[in-house]
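First comes the structure, then the notes that go with it.
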Amino acid sequence: MESAIVVQQLGKQFRRYHPDRPWTFQEAIVRGVRRLFPEGRFWALRGASFEVERGKMVGIIGANGAGKSTLLRLVGGVYKPDEGSVQIRGRVGALLDLGTGFHPDLTGRENILINGVISGLTRKEVFEQYESIIDFAELKDFIDNPLRTYSTGMQLRLAFAVATHIQPEILLIDEVLAVGDIAFQQKCLRRINEFKAQCCTILLVSHDPGVIRRMCDEVIWLRSGQVASHGPAEIVTAQYVDEMRAETARRTPKDRPARRIAPGVELQPGRNRLGSFEMEITDVHLLNRGGLPVEEIDSGDPLRVELEYRAPAPIENPVFLVTLTKEDGFVCHESSTQASGMILPVLQGKGKLSLQYERMDLAGGRYYVEVGVYPSNWEFTYDYHWHVYPFNVRATSNEKGVFSPPHHWELRD
Amino acid sequence: MKNWLAPQKLHRLNYLMDLLITLVARDLKLRYRRSVMGVAWSLLNPLAQLLVLSFVFRTILPLRIPTYTVFLFVGLLPWTWFQISLFQATDSIVGNRELIRRPGFPVSVLPVITVTSNLIHLVLAFPVLVLFMLFSGINLTSAVFVLPILVILQFALILSLAYPLATLHVTFRDTQYLLGVFLLVGFYLTPVFYDVSAIPERYQLIYRLNPMVDLVDAYRTVLIHGQLPNASSLWLMGLLIVLLLVFGHIFFMRASYQFAEEL
């Protein structure tokens, strides 16, 4: 198949300036002309080579400052490469900075026209697509109001609607899908899948290995400006997640004393506990219907997982994660505040958070509740407790497997 | 080969026109959205200047130039266009950070947009000038058909200066401020409120290095005297302005790869 994007030995160098770099003639005269010139240069990206086939969706993953956005901008032609080359075949559409070219004092309709034309459509092409764009953005009733009356979510919807209506052959997306409500995210994902079906090539940058794994065919993992790995999504995201774990293990303070949780169970950093401990999970309670602590429930009973946390310094938008696993580590269910669309505010001091399972339709056996708290970009771990909180599920009948939905047999003649 | 290329080039040109129209329309809408008076507001500045200067140079320090108000108005309009659009265009890169970072956006169109929006103000003021002329008993002659050529020349002149200035402003953010100082001086070194003939012979050569001198003078020849301006000096000016524009544009395009990084 034909390649839509060919990147060869691509490198981009940025200049590093003195912090007191003069920004005006006046400062240049006062502080001297010497600091006008860069003190050094560094490679934000180097030696990147890859090809993307038409119709493929490729994720770009990596830590902050690994060169993800730089790569996207090079592909989009915003930056000029210092080394190597980028070849593009087809019209490029981009969702790089949210709402660029939007003006708060103009109406939604006027902004669609401006943004469409800025994105490469002629006026006629925008006029033909007005209705379709407005429908997709679900803004029919507000379209003639000035943009300053829109919420962030509405603006995002408008930006996404315009960007996807320019019929790009190559679409560059930078992290923007993280904004907006779940329903609209789903819609965007559907739209992206439609594009894929039409042989549109997509490059998606994200911090979230989950999103990348679910959506992309291939993944490029960038580490300090170099391609660390490029291959099938499953494999590369797994490698990436492994390395993040290792990074967290390295950050885990070894001097934290072990803490006794229950008879025979100790919380011990480096063994069943990981994290930087900027935010800690101080206690976990498993509660039954009546709010009393339990160690054993019947299959189909409710269960409430209550977490107590402590954050000595303010933590911005942390994400809590609760996973139900079997003894061998098999994941039965996983849920995070982020995946559920809950954005936590800045948390500081002590507090409680709980997750209510209405029904635990698990097969009989021993399970663990793993708990964790992460920064919103999942780059490392504040605190993660593994295999510390067990509970038993009493089977109602003798059955195999991990889950046990309400069921019964019937014989019909 | 040519046939194959032509529709694409045509489409590109068509697109650039649409881009220009849309962004100029945005500029104008934003400027007038909040004021009911709309277009009349854009006339306020030149009219106020007209009032003050004509009081000063007719009553306090009389220059004894016939139909002085029209004379002054014809000088003020091109100068205001020059001054305001050059000043604004200098900020057209720094002030449009998000457009610069947009894949495929033709950066060099930004100064053109500023100069064009201000040209619209000039065009809107023209009927007012014609009213003033009729009131003073000056009639338009067929020489007025040369006017578009002068406007195109001035457009190119402003643009050729705007390209390097906008580029410089990315690195030195007080370029615009310094330009303001130069423009203030320029106002007095351009025959806006006096006639070129008032400059003594020995200064004429150096005085005419300011390209606005001949332009303003040509506007007056066409509008007030109803005559054609000196063709050879127009040709020479046109040639110089085209050269200036080519160099300004090359300088701008060379530097434009850095814009996205420096902003």
Side-chain angles (χ1 to χ4, degrees), chain A residues 12-15 17 21-29 36 44 69-70 72-82 88 91-107 110-111 113-126 146 166 168 170-172 174, chain B residues 8 10-35 94-107 109-110 113 165 168-179 181-182 253-263:
Chain A
K12 178 72 203 165
Q13 210 176 31
F14 284 123
R15 299 134 194 245
Y17 289 97
R21 174 194 176 176
W23 275 105
T24 60
F25 284 111
Q26 193 191 7
E27 286 168 3
I29 291 164
L36 266 176
S69 298
T70 305
L72 219 55
R73 292 213 161 95
L74 282 163
V75 171
V78 177
Y79 291 160
K80 192 184 173 198
D82 289 311
I88 292 292
R91 166 140 69 174
V92 179
L95 278 166
L96 297 187
D97 304 306
L98 178 58
T100 51
F102 278 169
H103 200 286
D105 284 342
L106 297 177
T107 67
E110 289 165 331
N111 272 302
L113 176 63
I114 292 163
N115 218 323
V117 172
I118 287 171
S119 306
L121 294 180
T122 60
R123 286 166 75 89
K124 190 162 156 268
E125 285 169 318
V126 180
I166 71 164
I170 295 168
L171 186 61
L172 310 175
D174 191 359
Chain B
Q8 273 195 336
L10 214 64
H11 182 268
R12 180 71 182 159
L13 205 66
N14 189 10
Y15 169 67
L16 285 177
M17 270 316 281
D18 272 8
L19 187 67
L20 185 65
I21 292 170
T22 311
L23 291 180
V24 168
R26 177 182 78 156
D27 256 18
L28 296 178
K29 261 183 203 155
L30 283 175
R31 198 162 312 164
Y32 298 128
R33 173 132 302 196
R34 285 197 178 137
S35 62
V94 175
N96 284 297
R97 175 198 306 263
E98 74 273 17
L99 290 182
I100 306 291
R101 290 167 160 245
R102 205 133 168 158
F105 186 84
V107 181
V109 86
L110 286 171
I113 290 164
L165 284 170
L168 209 58
H169 193 53
V170 173
T171 313
F172 297 103
R173 301 292 162 90
D174 54 356
T175 305
Q176 204 185 26
Y177 169 77
L178 289 176
L179 175 68
V181 178
F182 276 101
M253 290 313 282
R254 287 241 170 132
S256 70
Y257 292 110
Q258 300 288 328
F259 290 164
E261 293 163 38
E262 299 266 322
L263 291 176

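These numbers were taken from a predicted model, which means no experiment stands behind them.
Both the backbone and the side chain of Glu262(B) have a heavy atom closer than 4.5 Å to some heavy atom of chain A. For Arg21(A), the part lying under 4.5 angstrom from a heavy atom of chain B is the side chain only. Of the two parts of Tyr15(B), the backbone and the side chain both hold a non-hydrogen atom closer than 4.5 Å to a non-hydrogen atom of chain A. In this structure, no portion of Leu72(A) lies under 4.5 Å from any heavy atom of chain B. With a 4.5 Å cut-off on non-hydrogen atoms, Ser256(B) does not touch chain A at all.
Atom CG of Leu171(A) and atom CZ of Arg91(A) lie 12.0 Å apart (nearest 0.5 Å).
Considering only heavy-atom pairs separated by less than 4.5 Å from chain A, the leading option among Gln258(B), His169(B), Met17(B), Glu261(B) is Glu261(B). Counting heavy-atom pairs closer than 4.5 Å to chain A, the top-ranked of the candidates Val109(B), Asn14(B), Ile21(B) is Ile21(B). Across Leu172(A), Leu121(A), Val75(A), Val92(A), the residue that shares the most heavy-atom pairs under 4.5 angstrom with chain B is Leu121(A).
A donor atom on one side chain and an acceptor atom on the other are not found under 3.5 Å apart for Arg102(B) and Asn96(B).
Checking side-chain atoms of Arg173(B) against main-chain N and O of Val94(B) turns up no donor-acceptor pair under 3.5 Å. When atom types are taken as modelled, the side chain of Asp174(B) and the backbone of Thr24(A) share no donor-acceptor pair closer than 3.5 angstrom.
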